S.K.: 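Sharing a structure here in structure tokens format.
FYI, side chains are in, hydrogens and waters are out, and symmetry mates aren't considered; it's all heavy atoms of this structure. Values in this document were obtained by computation on a predicted structure and should not be read as measured data.
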Amino acid sequence: MNAFENLVKIYDFIRPIFDIAIMAFIFYKAYEIIVKTNALQIIKAAIVVAMAYALALLLHLSMLLWVLQKLAPGIVICFVIVFQPELRKVFLKIGQSQWFTFGNRSKHTYVDTVIIAAEILSKMKRGMLVVFIRHTKLDDIIETGTKINADLSSALLVTIFGHDTPLHDAACIVQNGKIISAGCFLPLSEQYDIKKTFGTRHRAALGLSEQTDAVVLVVSEESGAISLAYDSQLHYDLNSNQITKQLEKLLDMTAAQKTIEDTIDENKGIYK
């Protein structure tokens, strides 16, 4: 019994620390999700309502308190309706989050292939839109295009986007070194502060990054600038080194995996 009592005492001692650690972890992950969406608007609105209630409580404004209490259920429903897109994005991000994922599980070994195609098309002033699938399935997006399921190559991407074919105006979906589908239509961004100079490709890339955890590479037809869209943000006009580092980081491609890939490609006589 003494041993059991000692264990109970130890647990009682560490329980508050354990409790605080769990709450800190949850708040940190919630913050990560919020900053990657437009959910900040919800928080601002909630703070305004909470401040109004606190002020009424502090100053004993009985009429305002009565009104707020009666309207509370309606306010909650209004919040859900008005901020439905933002709430949807928050829950999508929660579903996409890999909170307890350790190490690199993915083997995305095709970054250079896409970047070479992007550089060629950039010089040609031809637009390109390539979606890298991460954790979120994009079956509904894939169904909007033409399924190809072909091995990924720079030549194939240049062929699709470098000529006025039926597939050149939409997006290619890439996963595990294959082009799954081409000519896919992406949802346009719901953000209102996008630069007017950005065309449909950039809005589509940003739109998909708002709704999923996919990474989208965009080549501008007008300027030739190469950009990346992910986590509801568009990183415009990056150079090849920046894009390579960012894609390898986002797609969990380690240096060891890349070395293995390069060795295999050299043995096969394949040059990217």
Side-chain angles (χ1 to χ4, degrees), residues 25-47 79-99 101 106 108 111 114-115 118 127-142 144-145 170-175 184-220 223 225-239 242-253:
F25 178 77
I26 292 172
F27 280 129
Y28 173 72
K29 287 298 181 180
Y31 171 76
E32 279 190 333
I33 293 169
I34 288 170
V35 296
K36 292 177 181 179
T37 65
N38 294 328
L40 200 59
Q41 299 176 34
I42 304 174
I43 294 175
K44 288 179 179 178
I47 289 173
F79 267 44
V80 173
I81 294 172
V82 173
F83 294 107
Q84 185 270 337
E86 285 73 21
L87 289 169
R88 179 173 177 271
K89 290 173 188 174
V90 169
F91 285 108
L92 278 171
K93 293 293 182 182
I94 292 173
Q96 297 159 11
S97 297
Q98 303 295 308
W99 285 19
T101 300
S106 302
H108 299 270
V111 169
V114 179
I115 292 176
M128 183 173 83
L129 198 56
V130 174
V131 177
F132 296 90
I133 297 178
R134 295 168 78 190
H135 301 109
T136 308
K137 291 185 178 181
L138 302 179
D139 293 348
D140 54 336
I141 302 294
I142 291 171
T144 64
C172 278
I173 311 296
V174 171
Q175 186 179 35
C184 301
F185 295 99
L186 309 183
L188 297 181
S189 173
E190 298 174 359
Q191 295 184 26
Y192 299 103
D193 55 349
I194 304 175
K195 291 183 180 180
K196 294 182 179 179
T197 53
F198 289 161
T200 305
R201 281 190 181 88
H202 293 89
R203 293 174 183 271
L206 191 54
L208 187 65
S209 74
E210 290 169 0
Q211 297 186 18
T212 73
D213 67 345
V215 183
V216 189
L217 186 146
V218 193
V219 178
S220 172
S223 64
I226 306 175
S227 310
L228 284 179
Y230 56 91
D231 291 339
S232 304
Q233 294 183 345
L234 180 67
H235 302 265
Y236 185 72
D237 196 11
L238 305 177
N239 60 44
Q242 290 173 320
I243 294 172
T244 300
K245 289 179 181 178
Q246 200 60 29
L247 279 176
E248 288 176 357
K249 177 183 176 182
L250 292 166
L251 302 175
D252 301 325
M253 179 177 168

S.K.: Rounded at 0.5 Å granularity, tell me how far CG in Leu217 sits from CD1 in Ile115.
M.R.: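 Those atoms lie 7.0 Å apart.
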S.K.: When you compare the side chain of Val218 with that of Leu228, does any pair of heavy atoms fall below 4.5 Å?
M.R.: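 No - every pair of side-chain heavy atoms lies 4.5 Å or more apart.
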S.K.: In this structure, which one of Ile133, Ile142, Leu138 forms a side-chain contact (heavy atoms from CB on, under 4.5 Å) with Gln175?
M.R.: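 The single option meeting the side-chain contact (heavy atoms from CB on, under 4.5 Å) with Gln175 is Ile133.
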S.K.: With a 4.5 Å limit on heavy-atom distance, are the side chains of Met128 and Val130 in contact?
M.R.: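 Yes, at least one pair of side-chain atoms sits under 4.5 Å.
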S.K.: For the atom pair CD (Glu248) and CG (Leu250), what is the distance rounded to the nearest 0.5 Å?
M.R.: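 One finds 10.5 Å between CD of Glu248 and CG of Leu250.
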S.K.: Looking at every heavy atom in both Cys184 and Ile173, which two are closest together, and how far apart are they?
M.R.: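 The answer is SG-CG1, 3.6 Å.
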S.K.: If we ignore angles and hydrogens, is there a donor and acceptor under 3.5 Å between the side chains of Ser189 and Glu210?
M.R.: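 A pair is found: one side chain offers a donor N or O, the other an acceptor, under 3.5 Å apart.
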S.K.: Please name the pair of heavy atoms, one in Ala214 and one in Val131, separated by the smallest distance, quoted to 0.1 Å.
M.R.: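 That closest heavy-atom pairing would be CB-CG1, 3.8 Å.
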S.K.: For a quick test of reading the model, state the closest non-hydrogen atom pair linking Asp231 to Arg134 and the distance between them.
M.R.: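 Looking at all heavy atoms of both residues, the closest pair is OD1-NH1, 4.4 Å.
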S.K.: Can you name the closest pair of heavy atoms from His202 and Tyr236 and give their distance?
M.R.: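 Minimum heavy-atom contact is NE2-CE1, 3.7 Å.
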S.K.: Could you tell me the separation between the CZ atom of Arg201 and the CG atom of Leu188, rounded to the nearest 0.5 Å?
M.R.: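 It is 12.5 Å, given to the nearest 0.5 Å.
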S.K.: Identify the heavy atoms of Asp237 and Ala225 that sit nearest to each other, and give their distance.
M.R.: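 Closest approach of Asp237 to Ala225, heavy atoms only: OD1-CB, 3.7 Å.
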S.K.: Drop me the distance from Leu186's CG to Leu208's CG, to the nearest 0.5 angstrom.
M.R.: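 So the CG of Leu186 and the CG of Leu208 are separated by 5.0 Å.
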S.K.: May I ask you to check whether Tyr230 and Phe132 place their ring centres under 6.0 Å from each other?
M.R.: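 So the answer is no for these two rings.
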S.K.: Quick check for you: to the nearest 0.5 Å, what is the distance between Ile226 atom CD1 and Ser220 atom OG?
M.R.: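 If we round to the nearest 0.5 Å, Ile226:CD1 and Ser220:OG are 10.5 Å apart.
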S.K.: At their closest point, which heavy atom of Val219 faces which heavy atom of Ala118, and how far apart are they?
M.R.: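 Closest approach of Val219 to Ala118: CG2-CB, 3.8 Å.
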S.K.: Can you check whether Ile141's main-chain N or O pairs, donor with acceptor, with Thr144's side chain at less than 3.5 Å?
M.R.: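 Pair found, side chain donor or acceptor close to backbone of Ile141.
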S.K.: How many angstroms lie between NE2 in His235 and CD1 in Ile243, if you round to the nearest 0.5 Å?
M.R.: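 So the NE2 of His235 and the CD1 of Ile243 are separated by 11.5 Å.
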